[in-house]
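Take a look at the structure set out below.
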Amino acid sequence: MTTFYVVRHGQTTANAQNLKQGTINTDITHLNSVGQQQAQTLHDAFDISFADRLICSPLDRTQATAAILNAGRDLPVSTDERLLEISYGQWDGQANDQLLAAYPQYFDPMLQDVLPSYVDVATDGETFTHVQQRVQAFLTAMAQAYPDEQLIVVTHGFTVKAMALAVLQPKDPMSLPEPANTSVTKIVVDAVHARQYLAYYNRLPQF
């Protein structure tokens with residue numbers, strides 16, 4: 001079995017300003033001082049030296065988080081585009097509050113996050129289903145390539161959620177909120193028997 005410890009990146013300026021980041025990779029989506037400290041706190045609480053390798057999204061905010069987490073641990077690092085954040089199309093970079101005010105019918109009333117139907121108006125956006133398919137492909141491929149290994153994966157909020165959705169397959173994808181910055185989610189994949197397990201979700205640094 002292959003064990004994945006899936007980490008959401010630290011806070012960015014766009015997170016702090018409540019903007020949709022999507023796949024934007026500019027200064028506003030880089031870690032801010034809070035995000036750097038969050039990553040350092042996770043580094044101090046979660047010694048990843050037990051793991052075999054570290055794989056992260058190619059965006060700056062995930063690579064920066066991975067570098068802090070891996071300091072002094074020296075795991076081999078690679079990137080994988082299947083770990084990219086969901087792209088919200090023309091909504092990328094826009095303020096969540098403004099989008100919610102303009103399109104309330106496309107937001108969950110409690111979570112105030114986009115519903116799968118948001119692609120009806122953000123026509124260049126990536127569907128929830130497509131993200132789940134690509135992260136499922138990642139989990140399957142890594143489990144086949146690295147049986148019995150323990151992998152650290154640094155990625156994005158919706159991407160972590162999509163992995164959990166791929167494992168749990170709930171009827172309502174909004175029943176699972178996105179995880180917090182620098183939280184850890186543990187997924188175990190048994191490639192031999194084609195089984196997947198969610199051990200825990202959205203665990204904050206208290207290891």
Side-chain angles (χ1 to χ4, degrees), residues 4 6-26 28-29 35 56-62 65 80-141 153-187 189 194 196-198 200-204:
F4 299 81
V6 188
V7 179
R8 184 185 177 189
H9 62 78
Q11 186 187 89
T12 67
T13 300
N15 285 153
Q17 295 180 1
N18 197 25
L19 304 179
K20 283 264 176 281
Q21 292 186 103
T23 54
I24 295 174
N25 197 37
T26 62
I28 200 170
T29 65
C56 64
S57 157
L59 299 185
D60 184 271
R61 56 192 183 268
T62 45
T65 301
D80 193 307
E81 291 196 351
R82 290 171 293 190
L83 296 174
L84 283 168
E85 179 61 295
I86 186 172
S87 171
Y88 295 101
Q90 59 265 48
W91 282 15
D92 281 356
Q94 295 194 44
N96 278 301
D97 291 343
Q98 293 178 3
L99 291 169
L100 175 60
Y103 305 101
Q105 68 273 35
Y106 294 108
F107 281 76
D108 182 274
M110 188 184 83
L111 300 179
Q112 296 190 340
D113 204 354
V114 294
L115 296 166
S117 58
Y118 90 97
V119 292
D120 292 347
V121 283
T123 53
D124 294 331
E126 187 176 13
T127 66
F128 283 26
T129 299
H130 186 264
V131 183
Q132 286 180 237
Q133 289 172 342
R134 62 174 165 87
V135 297
Q136 181 61 74
F138 169 81
L139 291 171
T140 301
V153 177
V154 184
T155 184
H156 307 269
F158 187 86
T159 315
V160 179
K161 170 176 172 169
M163 286 189 184
L165 292 175
V167 174
L168 298 176
Q169 299 183 23
K171 290 183 180 180
D172 181 7
M174 304 310 293
S175 62
L176 192 69
E178 287 191 20
N181 291 110
T182 62
S183 62
V184 181
T185 293
K186 181 179 179 181
I187 294 172
V189 178
Q196 301 181 131
Y197 309 89
L198 181 66
Y200 54 76
Y201 182 77
N202 195 26
R203 182 174 290 185
L204 292 171

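The figures here come from the full heavy-atom set of this structure, side chains too, leaving out hydrogens, waters and symmetry mates. Please read these numbers as outputs of a predicted model, since none were measured by experiment. FYI, the numbering just counts along the sequence from 1.
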Which atom pair, heavy atoms only, marks the closest approach of [X] to [Y]?
X      : Y      : value
Ile187 : Ala164 : CD1-N, 4.4 Å
Val153 : Phe4   : CG2-CD2, 4.0 Å
Ala162 : Val131 : CB-CG1, 3.6 Å
Ala180 : Leu204 : CB-CD2, 3.8 Å
Pro170 : Leu165 : CG-CD2, 3.5 Å

What is the distance from atom [atom1] of [X] to atom [atom2] of [Y], rounded to the nearest 0.5 Å?
X      : Y      : atom1 : atom2 : answer
Thr62  : Glu85  : OG1   : CD    : 10.0 Å
Thr185 : Leu198 : OG1   : CG    : 7.0 Å
Leu100 : Gln105 : CG    : CD    : 10.0 Å
Thr159 : Ile86  : OG1   : CD1   : 8.0 Å
Asp80  : Phe138 : CG    : CZ    : 5.5 Å
Tyr118 : Asp108 : OH    : CG    : 15.5 Å

Would you say the side chain of [Y] lies within less than 4.5 Å of the side chain of [X], judging by non-hydrogen atoms?
X      : Y      : answer
Arg203 : Lys186 : no
Thr127 : Pro116 : no
Asn202 : Val160 : no
His9   : His156 : yes
Ile28  : Thr12  : no
Val184 : Val6   : no
Leu111 : Met174 : yes
Asp92  : Gln21  : no

Are any side-chain N or O atoms of [X] and backbone N or O atoms of [Y], one a donor and one an acceptor, separated by less than 3.5 Å?
X      : Y      : answer
Gln94  : Gln90  : yes
Thr23  : Ser87  : no
Ser183 : Pro179 : no
Thr13  : Thr29  : no
Thr155 : Ser57  : no

message = Taking Lys161 first and then Asp113, would you say they form a salt bridge - that is, a charged N and a carboxylate O separated by under 4.0 Å?
response = no
query = Could Lys20 and Tyr88 be counted as a cation-pi pair, given that NZ or CZ must be under 6.0 Å from the ring centre and within 45° of the axis?
reply = yes
inquiry  = Does anything in residues 169-179 form a salt bridge (Lys or Arg N to Asp or Glu O under 4.0 Å)? List the pairs, not counting sequence neighbours.
reply    =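 Sorted pair list comes back empty.
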Criterion side-chain hydrogen bond (donor to acceptor under 3.5 Å, both in side chains) on Thr140 and Gln136, from CA distance to verdict = CA-CA 6 Å; Thr140 301; Gln136 181 61 74; 3.1 Å; yes
Trp91/Tyr106 aromatic ring centres below 6.0 Å =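 Judged by ring-centre distance (under 6.0 Å), Trp91 and Tyr106 do not meet the cut-off.
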inquiry  = Using a 6.0 Å cut-off, check whether atom CD of Glu81 has over 12 heavy atoms from anything other than its own residue.
reply    =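 No, not enclosed.
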request  = Could you check Gln196 against Leu139 for side chain to side chain contact (heavy atoms under 4.5 Å, CB included), going step by step and ending with a plain yes or no?
outcome  = CA-CA 9 Å; Gln196 301 181 131; Leu139 291 171; 4.0 Å; yes
ask   = Do you see a donor-acceptor pair shorter than 3.5 Å between the side chains of Asn18 and Asn96?
value =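 Their side chains do contain a donor-acceptor pair, which is all the 3.5 Å distance test asks for.
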task = Mind running salt bridge (Lys or Arg N to Asp or Glu O under 4.0 Å) on Arg134 and Glu126 for me, showing each step along the way?
result = CA-CA 11 Å; Arg134 62 174 165 87; Glu126 187 176 13; 2.8 Å; yes
